[in-house]
Amino acid sequence: MQFVRSSDAAEIREGQFAVRAAGALVWRVVAGELEVLMIHRDRYDDWSWPKGKLDDGETMPECATREVFEEVGLEVQLGIPLPAMTYPVGAGNKVVYYWAAKSPGTRPIPDGKETDAVRWATPKVARQWITNPGDLGPLEGLVQAHDNGTLETRPFVVVRHAKAKPRSNWTREEGKRPLAATGRRQALAVARLLDSWRPAKVASSPWTRCVQTVAPYLQQHRFTVKLLASVTEHEATRRPAKAQRTVAKLLDKRRSQALCTHRPVLPLVLTELRARMDGALAGFLPAHDPYLRPGAVIVVHQPASGKGKLVSVEVYDAFDD
């Protein structure tokens, strides 16, 4: 799956890597002081962050959350993306993509295989203990976000509905046109991807293909969906200002949420997102029609404090079989 993250340098975004991995810097604040979770690997006798190689068919966000759970037993939801790091290995160049992840509050437990010890450390101590200097990059990104008040965030996820049956083969009401077989498989992939951020609120166009796209995720977590007629193709075409206001109201709530809609509505969504971020960050948003392929996703993060603009952008292309 192709993806773009605003946290990554150009050489990362444009590079070719023989090995790809992902992980997370799990963080908490104790008595007003930032702490980050370090792991010790007996095999390498090093201190680092939870991370691991990508499994077949897995996205980077899925890999990051899985590795944290496998190595230290914590179920985390991803926060802002952090700078990726790269270094040479026997097979060639390796890249590791990192995210911030707030501690769920449960005790980390080493798995005894990959990880034999864990410790919470302040950034000052972590800088002293970390074995690979390349691991300092994501740490500095975490510290900077904490200092700026943009570390604790809420995800806003935009989903273009998965692949639907062709219009040419559909003679009934347009709003009832369902997903194709590929679209149903894409919807399962969307559910796995959304689980990395676990948006607790889901809004959608009431048209069948949008509702079917988010249905696997909703069923998995027993969440409900809020149906918004203003973000259907027809209503957004007739009343674009109303559709954009609907998106603005969702963003104004500053809560963990996802919105599933249609390609013709995406320009209105993107206009609202651009209005809430600086120009450099806006450059990571899709700029050309069709903006997203069916089943693709945009993730932006809002400061939980309610202050300031959007702080990150991630774009994930669709699962394709």
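Being a predicted model, the structure only gives us computed values, none of them experimental.
Between T122 and E33 there is a side-chain heavy-atom pair separated by less than 4.5 Å. When side chains are defined from C-beta on, L142 counts as touching W27, because their heavy atoms get closer than 4.5 Å. Using a 4.5 Å heavy-atom cutoff, the side chains of V297 and V157 are in contact. For the pair L151/L34, a side-chain contact is recorded, criterion being any heavy-atom separation below 4.5 Å from C-beta on. Between L251 and Q302 the shortest side-chain heavy-atom distance falls below 4.5 Å.
Using modelled atom types, one finds no donor on one side chain facing an acceptor on the other under 3.5 Å when comparing D8 with Y97. For the residue pair E314 and W99, a side-chain donor N or O sits within less than 3.5 Å of a side-chain acceptor on the partner. No side-chain donor-acceptor contact under 3.5 Å links T232 and E235.
Using modelled atom types, one side-chain atom of T213 and one backbone atom of A162 make a donor-acceptor pair closer than 3.5 Å. Between the side chain of S204 and the main chain of L227, no donor-acceptor pair closer than 3.5 Å is present. For the pair N132 (side chain) and G134 (backbone), a donor-acceptor distance under 3.5 Å is present. With hydrogens and angles disregarded, a donor-acceptor distance shorter than 3.5 Å links the side chain of R5 to the backbone of L82. Formation of a donor-acceptor pair under 3.5 Å by the T208 side chain with backbone atoms of G175 is found in this model. For D55 (side chain) and E58 (main-chain N/O), no donor-acceptor pair under 3.5 Å exists by modelled atom type. Side-chain atoms of Q212 come within 3.5 Å of backbone N or O of L179 as a donor-acceptor pair. In this structure a side-chain-to-backbone donor-acceptor pair under 3.5 Å is missing from S256 to R154. Looking only at distances, a side-chain donor or acceptor of Q186 sits under 3.5 Å from a matching main-chain atom of F319. Not a single donor-acceptor pair under 3.5 Å links the side chain of T115 to the backbone N or O of A117.
The local environment of NZ in K94 is crowded, with over 12 non-hydrogen atoms from other residues, nucleotides or ligands closer than 6.0 Å. Heavy atoms from other residues, nucleotides or ligands lying under 6.0 Å from CZ of R239 number 12 at most. Counting heavy-atom neighbours within 6.0 Å of Q16 CD, excluding the residue itself, gives a total of 12 or less. Within a 6.0 Å sphere centred on CD of Q144, other residues, nucleotides and ligands contribute 12 heavy atoms or fewer. Within 6.0 Å of the NZ atom in K163, the count of heavy atoms belonging to other residues, nucleotides or ligands does not exceed 12.
Using a 4.0 Å cut-off between charged side-chain N and carboxylate O, K51 and E71 make no salt bridge. Looking at E62 and R66, no side-chain N of the basic residue comes within less than 4.0 Å of a carboxylate O on the acidic one, giving no salt bridge. Salt bridge status for D116 with R43: absent, with no side-chain N to carboxylate O gap under 4.0 Å. Of the charged side-chain nitrogens involved, at least one lies within less than 4.0 Å of a carboxylate oxygen, so that D46 and R41 count as a salt-bridged pair. We find that D317 and R293 are joined by a salt bridge, their nearest charged nitrogen and carboxylate oxygen being less than 4.0 Å apart. Ion pair D195/R192 not flagged as a salt bridge, since none of the NZ, NE, NH1 or NH2 atoms sits closer than 4.0 Å to an Asp/Glu carboxylate oxygen. Under the 4.0 Å criterion applied to side-chain N and carboxylate O atoms, R167 and E174 are assigned as salt-bridge partners. Taking a cutoff of 4.0 Å between a charged side-chain nitrogen and a carboxylate oxygen, R209 and E233 qualify as a salt bridge.
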Steps toward side-chain contact (heavy atoms from CB on, under 4.5 Å) verdict (L273, V313): CA-CA 10 Å; L273 294 180; V313 172; over 6 Å; no
Could you walk me through whether T65 and L78 satisfy the side-chain contact (heavy atoms from CB on, under 4.5 Å) test, starting with their C-alpha distance in whole Å, then the side-chain angles of each, then the deciding distance to 0.1 Å, before giving a yes or no? CA-CA 7 Å; T65 55; L78 300 182; 3.7 Å; yes
Does the salt bridge (Lys or Arg N to Asp or Glu O under 4.0 Å) test come out yes or no for D252 and K249, once each step is laid out? CA-CA 5 Å; D252 287 343; K249 288 179 182 178; over 6 Å; no
Please walk me through it: do E114 and I39 pass side-chain contact (heavy atoms from CB on, under 4.5 Å)? CA-CA 9 Å; E114 293 286 335; I39 65 167; over 6 Å; no
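The NZ atom of K201 sits 14.5 Å away from the CZ atom of F156 when rounded to the nearest 0.5 Å. For the atom pair OG (S103) and CG (L25), the distance works out to 13.0 Å, reported to the nearest 0.5 Å.
A continuous path of hydrophobic side-chain contacts links Y291 to V231 [ILVMFWY only; heavy atoms under 4.5 Å]. At a threshold of 4.5 Å between side-chain heavy atoms, the hydrophobic network of Ile, Leu, Val, Met, Phe, Trp and Tyr places V300 and V265 in one connected group.
In summary, of the residues considered (V125, V30, V36, V26), a side-chain contact (heavy atoms from CB on, under 4.5 Å) with W120 occurs for V26 alone. When V96, L136, V95 are each tested for a side-chain contact (heavy atoms from CB on, under 4.5 Å) with M85, only one passes: V96.
In this structure, W197 has its ring center under 6.0 Å from that of Y316.
For residues 223-272, the ring pair (Phe, Tyr, Trp, His ring centres under 6.0 Å) pairs, not counting sequence neighbours, are H161-H262, W207-H234, W207-H262, Y217-F223, H221-F223.
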